[in-house]
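Throughout, residue positions are numbered sequentially from 1 according to the sequence presented.
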Amino acid sequence: MNAALTAEEQARLAAVLRPGEQCLWQGKGSAAHAAAPSAGLLARLFGKKPQTGGPETLYAITAKRVLAIPPQGEPQEWFLMLGLIQSVEEQPDASGSIIFDYEEQNGQKVPRGITGVPQVARVKNLLADAIDAAYNASPWSV
């Protein structure tokens, strides 16, 4: 189920993993889904096609956290905890997004999470299982 990563993508992922941290899942976001909604809307309004073929955002799920590694800029991370998954948006082709939270950009709420991944329902189930495992391994779980 893991997406095949190029050597450059493997190096980008390895650079943000902690010593001994292993990926339960890794994948890439498609450019069509990963673009900010406002950017996609502006491109359509001006008759531009979405850019494809460049570096993609990489995603990884480990036993403790979810990582989003954009081609440029700082990686984002979310720790596995109950309530992490706010919503799941699935497209007819089974790709989609798993939304964790929202940020304010230019007066609009923009979703953050795993976006534009194939087989989003399978990824969501794997993530839910990882959250359950992390919660049950916690000394605070009862």
With sequence neighbours left out, write down each residue that passes salt bridge (Lys or Arg N to Asp or Glu O under 4.0 Å) with E89, or none if nothing qualifies.
none
Any heavy-atom pair between the side chains of L17 and T62 that's under 4.5 Å?
yes
Looking at residues at least two apart in the chain, or sitting in another chain, which of them share a salt bridge (Lys or Arg N to Asp or Glu O under 4.0 Å) with D101?
R112
Quick one: do I99 and S87 satisfy side chain to side chain contact (heavy atoms under 4.5 Å, CB included)? Show the steps, please.
CA-CA 5 Å; I99 307 303; S87 65; 3.5 Å; yes
Considering non-hydrogen atoms only, spot the tightest contact between P70 and A68 and give its length.
CD-O, 3.4 Å
L67 and L58, any side-chain heavy atoms less than 4.5 Å apart
no
If you look only at pairs with a residue in residues 80-116, which of them pass as a ring-ring contact (aromatic ring centres under 6.0 Å, His included), with sequence neighbours excluded?
W78-F100
Spell out, as yes or no, whether a donor-acceptor pair under 3.5 Å connects the side chain of E21 to the backbone of R18.
yes
Heavy-atom closest pair (E90 atom, A94 atom, distance to 0.1 Å) is OE2-CA, 3.6 Å
Check the pair L126 / I61 against side chain to side chain contact (heavy atoms under 4.5 Å, CB included), numbers first and verdict last.
CA-CA 9 Å; L126 185 140; I61 299 172; 4.0 Å; yes
Mind checking whether I85 and K124 have side chains closer than 4.5 Å, heavy atoms only?
yes
What one should report as the nearest heavy-atom pair of E56 and G29 is OE2-O, 3.1 Å
Considering non-hydrogen atoms only, spot the tightest contact between V123 and P118 and give its length.
CG2-O, 4.0 Å
Can you name the residues that form a side-chain contact (heavy atoms from CB on, under 4.5 Å) with E8, not counting sequence neighbours?
T6, R12
Taking the side chain from Q10 and the backbone from L5, do they hold a donor-acceptor pair closer than 3.5 Å?
yes
If you define the side chain from C-beta out and look only at heavy atoms, does anything of I114 sit under 4.5 Å from S97?
no
Among all residues two or more places apart in sequence or in another chain, which pass the side-chain hydrogen bond (donor to acceptor under 3.5 Å, both in side chains) test with Q72?
none
Would you indicate whether the side-chain heavy atoms of K28 and E9 approach each other to under 4.5 Å?
yes
Counting only heavy atoms not in E104, do more than 12 fall under 6.0 Å of its CD?
yes
Identify the heavy atoms of C23 and L13 that sit nearest to each other, and give their distance.
SG-CD2, 3.8 Å
Return the set of residues passing side-chain contact (heavy atoms from CB on, under 4.5 Å) with P75 (not counting sequence neighbours), or none when no residue passes.
V16, I69
Is the shortest side-chain heavy-atom distance between V117 and Y59 below 4.5 Å?
yes
Report the residues that fulfil side-chain contact (heavy atoms from CB on, under 4.5 Å) with Q86, sequence neighbours left out, ordered by chain and then residue number.
none
In Å and rounded to the nearest 0.5 Å, what is the NZ to CD distance from K64 to E77?
12.0 Å
Please find the pair of heavy atoms, one from A134 and one from L80, that lie closest to each other, and give the distance.
CB-CB, 4.1 Å
